[in-house]
Every structure is written in structure tokens, then in C-alpha cells.
> 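If you scroll down you'll find the structure; I have some questions about it.
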Amino acid sequence: MGNETSIKQFGKSLRGEIVLPNDTGYDDARKVYNGMIDKKPAIIAKCFDVADVITAVNFGRENNMLISIRGGGHNAGGLGICDDGLVIDLSQIRYTHVDPKTKTVRVGGGCQWGDVDHAGHAFGLAVPSGIISTTGVGGLALGGGLGYLSRKYGLTIDSILEVDMVLADGSFVTASAKENEDLFWAIRGGGGNFGIVTSFLFQGHPVKTSFGGPTLWHIDKTEQVLKWYRDFMTNSQEDLYGFFATLTVPGPPFPEELHGKKMCGVVWNYLGPHEKADEFLKPARDLKPDFDHVGPIPHPTLNSMFDVFYPTGLQWYWRADFIKEIPDEAVAQHVKYGKALPTPHSTMHLYPINGKASKVGKNDTPWAYRDANWAQVMVGVDPNPANKEMITKWTKDYYDAIHPYSAGGAYINMMMDEGEDRVKASYKDNYDRLVKIKNKYDPKNLFRVNQT
Ligand SMILES: Cc1cc2nc3c(=O)[nH]c(=O)nc-3n(C[C@H](O)[C@H](O)[C@H](O)COP(=O)(O)OP(=O)(O)OC[C@H]3O[C@@H](n4cnc5c(N)ncnc54)[C@H](O)[C@@H]3O)c2cc1C
């Protein structure tokens, strides 16, 4: 990893800074979103610009160091950080630029999604992303990206127009439909395997104020609501999006009588004309929700609605699957494990990925499950490390019970520690092409702290 002098020299050559194990800020700098992850890198390089990233890649490669790339630090398995290696931390490369003429947004490689929502909103534009605004753009956008806009505008990868990247040999390239097309194909779902993205160019979409929010029912109604939801969501127009969840109601701003209650629900986002929203939501309201908080909401507010309930540092254990259908037997398992949610933060979500997301060819990007209707995830979550085993057991048991009804693979950004075979299964026949491109751009597997 280089001697003391070369490490010092490396630090001096950056506009940003390096953080070493004996430095005061080290423990803060190595923390990631999932409190279960406790990795101790040898060097954390907080890069300020592209030049810093090039210097860091060259230093890591020349000194045979394990390298991890840190965007927003949200990855479930802590793939933004590593033990004993070099963390290339992009969190200071955090800028946005909206071009209202082309309706595009240029985004620094270390941005969080809240930055993009904020910048685009002033221009009535949004980019498909996830449901928590503190998630990093880098990891989410390179792995797929699903959220409130998926049914109308597709996955995040479907809105990437161009990326600037630093490759394993330290060179700087642009990848788009016209330049380095193979690389452009690979980064739209293949994760951070191919290089470090220092900037993204996204297509923005006309989104300003949606009609959204949750309808919730007591957990006893899960069977009835989920059986209705599975058919409703697969047949509704692309203007309407709703993800299904089982959850425990937190405190304020929810009404006091619901605090601590286990419930099921759907969180909606209707993107059509507001005067038509009631018509679209009527079938849900006919099921008499016990809580109904759906109305006009600015897009950045919807996209950050749950941030407050999920601060950095909770313990998280994740399992995921792609789902084509939800048969009655699967509904029965959701009822069973929904009633047994082990802690107030634990939850299960079914994110719709039909609609526009399913209209892209299955080989047009590495994302092979264009024919799945949902990405399902169950997460055991709790602030207390003493409950780690308990939340992990609930998640694994739930997953084992429901996995037989899945489509096979899973969304790689919602996997944790399921291993190489499962990653391979998730790319299906796109896997071999990804391997070829990896061998061309990173033959020595420098960027291997990944779902690789
Ligand atoms: C609370 C929570 C909610 C979530 N909700 C959603 C959701 O609604 N929709 C969804 O699609 N996903 C969601 N996710 C999953 C999310 O997509 C992944 O956790 C993703 O890896 C986070 O990206 P990050 O940059 O924050 O991660 P990091 O931990 O920083 O990085 C993860 C991996 O991404 C790669 N990477 C990151 N930035 C770059 C870059 N600039 N260049 C090259 N590689 C890079 C690295 O290889 C690294 O291994 C959620 C995660 C959490 C924790």
C-alpha cells in the first residue's frame, strides 16, 4: 500500500484529503449507512475533482491496493467501503447543472438523489430514482434504479444519456450511445465494475407536483388488499404508481391512534392531471383505508418522505427477489411474515417495475428482468446491534418461504451477501457480455468491491 512517505505524497497531491486510521475523523469517514457494516480501510481518499480520482486510481493500482468506490454509502452490503484497502470517496464531487433547453441534468458522481430532485424541481424536471433522498446517485444509477417514476418514465438507467469515467488504467473516457458504446451498455445495470463515474448526464422528465402519499390498512386486511393490489397494479395506466408495503406505523406525523400499529399499505404517485386523481384512486378508497394521506405533493417531498424514519446508522439485513406473479400461496406468506414484523423499522416492499420500465428490450441494457412485475425486498431493520441476529433470522426465514414464488434473480442493489451465483442469475444471458466488457476495460479486476 506504499510507505509512509508515498502515502503522505499522495495526500498532498489531492485537492481533497486523505484520512488515515490514526486521524481524528477516521471513524466518521469510514461509517456507512448500514450500521451492521464495520470495515476498516487503510486509506480513505476524499476526492474533490476528476484529477483527484485519477490520482487515487493510479495510487491504488500501483500499490496493489484493494479499491472500493464510495458514492452515497447506502449499499446494503457496504460495498462502498473495504477492509485494509483504499476507499475512493466521491462525496465531495457533488454538483448539479440543469439545462432547461435540452431538459437534461448533469450530476457529479458523488451526489445524493435529493440533490438531483432539488435541482430539477425548479425547472419542473425529475429523473427516476429511489424512495429515499439520501441514497447515492452513483450506486443506484449504475445498478438499475427503481422508484416512484418507474412506471411512467422507466428505470434510472433508462434515463442515462452519458457518463464520464475514470478507468482502471487511470484514463478518462466518456461513454454514450455514440462513444464507447459497449461501456455505455455495461454501466446501465452492471454496477461499479467498469470504472469510476465522475459525472452523469440524465434525461429529465416533466414532473413537478404529483398526487401521492400512503393509504394504509390494519395488518389483518393484508390478504384482501394484496390480492386486490396485485391485479390492480398490473392493469393500471402508467400514470399511476403504487408500491405495496407491510410496516409498523412510526410516531408523528401519523395520527396517535395508529402509532406502533402493524399495517399494510400502498404508497401512491399519480402523475396525470390532478382532477383525474380521485377517479384513479377510487378502487383503493373503496377498500376503506384506515389511513388516507394522498394528495398534491411536490416531487422532492414525496421522494424524501421516509428519510426521517430511516437515519444513517441503523442495522439492516436485506433479501430480495424479482416477482412476476403473486399467487395466493405467496400472499399467505406475506400475511404471516407481515404480522410477525420483528421490529418497528422492519418492512417488506413490492416495487412495481412494469409499465415503461418493461418496454425496454431485455438485452438493451444488462437489466435482464424486464418482464418481471415487481422487485420485492424484505429488510430487517433496528437501531440496536443486539437485535442483529433477530432481524436477520426474520428476513432469511421470510425470504426462504417466499422465494419459491419468485422469477429467479434479484435486483443487485437490494442484495446483500447472496454470492456470485445469484448475481449471475440476475443478469441471465447478459452476464457473458458483461464479463467480456469487464475484461476489456478492467482486465485485472481492480474494481472488484462490487456485486461482481
Ligand atoms: C434506505 C435505502 C433505500 C433504498 N431505496 C432504493 C430505491 O427506492 N430504489 C432503488 O433502486 N434502490 C434503492 N436502494 C438501494 C440502492 O440503490 C443501493 O444501496 C445503492 O448501492 C446505493 O448507492 P450508493 O452510491 O449510496 O452506494 P455506495 O455504498 O456508496 O456504493 C455502492 C456501490 O456502487 C458503486 N458506485 C457508487 N458510486 C459510484 C460511482 N460514481 N462510480 C462507480 N461506481 C460507483 C460502487 O461500486 C459501490 O460498490 C436503497 C438503499 C437504501 C439503504
> Carefully, step by step, assess L350 and M233 under the rule side chain to side chain contact (heavy atoms under 4.5 Å, CB included).
CA-CA 11 Å; L350 282 159; M233 200 72 263; over 6 Å; no
> Between S346 (side chain) and V381 (backbone), is there a donor-acceptor pair under 3.5 Å?
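The answer is yes, because a donor-acceptor pair under 3.5 Å joins these two groups.
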> Ignoring hydrogens and angles, state whether a donor on the side chain of N445 or K438 is under 3.5 Å from an acceptor on the partner side chain.
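K438 and N445 do have a side-chain donor-acceptor pair below 3.5 Å.
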> In plain terms, say whether K359 and D158 are close enough for a salt bridge, that is, a side-chain N and a carboxylate O under 4.0 Å apart.
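Result for this pair is no, no salt bridge flagged.
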> Check this for me: does any side-chain nitrogen of one of D364 and R188 sit under 4.0 Å from a carboxylate oxygen of the other?
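Salt bridge absent between D364 and R188.
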> Please name the residue in the list D307, N303, D115 that meets the side-chain hydrogen bond (donor to acceptor under 3.5 Å, both in side chains) test with S133.
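Per the side-chain hydrogen bond (donor to acceptor under 3.5 Å, both in side chains) rule, the option paired with S133 is D307, out of D307, N303, D115.
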> Of the options K152, K356, R151, K276, which is the one that meets D239 in a salt bridge (charged side-chain N to carboxylate O under 4.0 Å, His left out)?
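That would be K152; it is the only one of K152, K356, R151, K276 passing the salt bridge (charged side-chain N to carboxylate O under 4.0 Å, His left out) with D239.
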> For N413 and N75, which I'm curious about, is there any donor-acceptor pair between the side chains at under 3.5 Å?
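No.
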> Under the ring pair (Phe, Tyr, Trp, His ring centres under 6.0 Å) rule, what pairs show up with a residue in residues 18-61, not counting sequence neighbours?
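For residues 18-61, and leaving out neighbouring residues, the ring pair (Phe, Tyr, Trp, His ring centres under 6.0 Å) pairs sorted by first residue read F10-F59, Y33-H74, Y33-W316.
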> Under 6.0 Å from the ring centre and within 45 degrees of the ring axis: does the NZ or CZ of K428 meet both conditions for the six-membered ring of Y369?
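Yes.
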> Do any pairs count as a ring pair (Phe, Tyr, Trp, His ring centres under 6.0 Å) and have a residue in residues 408-452, sequence neighbours left out, and if so which ones?
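Found W367-Y411.
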> Identify whether the distance between the nearest side-chain nitrogen and carboxylate oxygen of R30 and D38 falls below 4.0 Å.
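Yes.
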> Quick test of your reading of the model: are K31 and D28 salt-bridged, counting only N-O distances below 4.0 Å?
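Here K31 pairs with D28 in a salt bridge, since their nearest N and O are under 4.0 Å apart.
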> Taking the side chain from N193 and the backbone from N450, do they hold a donor-acceptor pair closer than 3.5 Å?
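Flag not set: sc N193 to bb N450 has no pair under 3.5 Å.
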> Do you know which two heavy atoms are closest between S426 and I412, and how far apart they sit?
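It is CB-CG2, 4.3 Å.
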> With a 4.0 Å cut-off, would you call R106 and E162 a salt bridge?
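Yes, this pair counts.
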> Return yes if some donor-acceptor pair links the side-chain N/O of N373 with the main-chain N/O of K324 below 3.5 Å, else return no.
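Confirmed, N373 side chain pairs with K324 backbone.
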> For a quick test of reading the model, state the closest non-hydrogen atom pair linking P41 to P21 and the distance between them.
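Smallest interatomic distance, heavy atoms only, reads O-CG, 3.9 Å.
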> For residues 240-249, please give each side-chain donor-acceptor pair under 3.5 Å, one per line with the distance, not counting sequence neighbours.
none

> Checking R61 side chain against A168 main chain: does a donor-acceptor pair fall under 3.5 Å?
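Yes: the side chain of R61 pairs with the backbone of A168.
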> Working to the nearest 0.5 angstrom, can you tell me the gap between C264 SG and L216 CG?
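Atom-to-atom, C264:SG and L216:CG are 8.0 Å apart.
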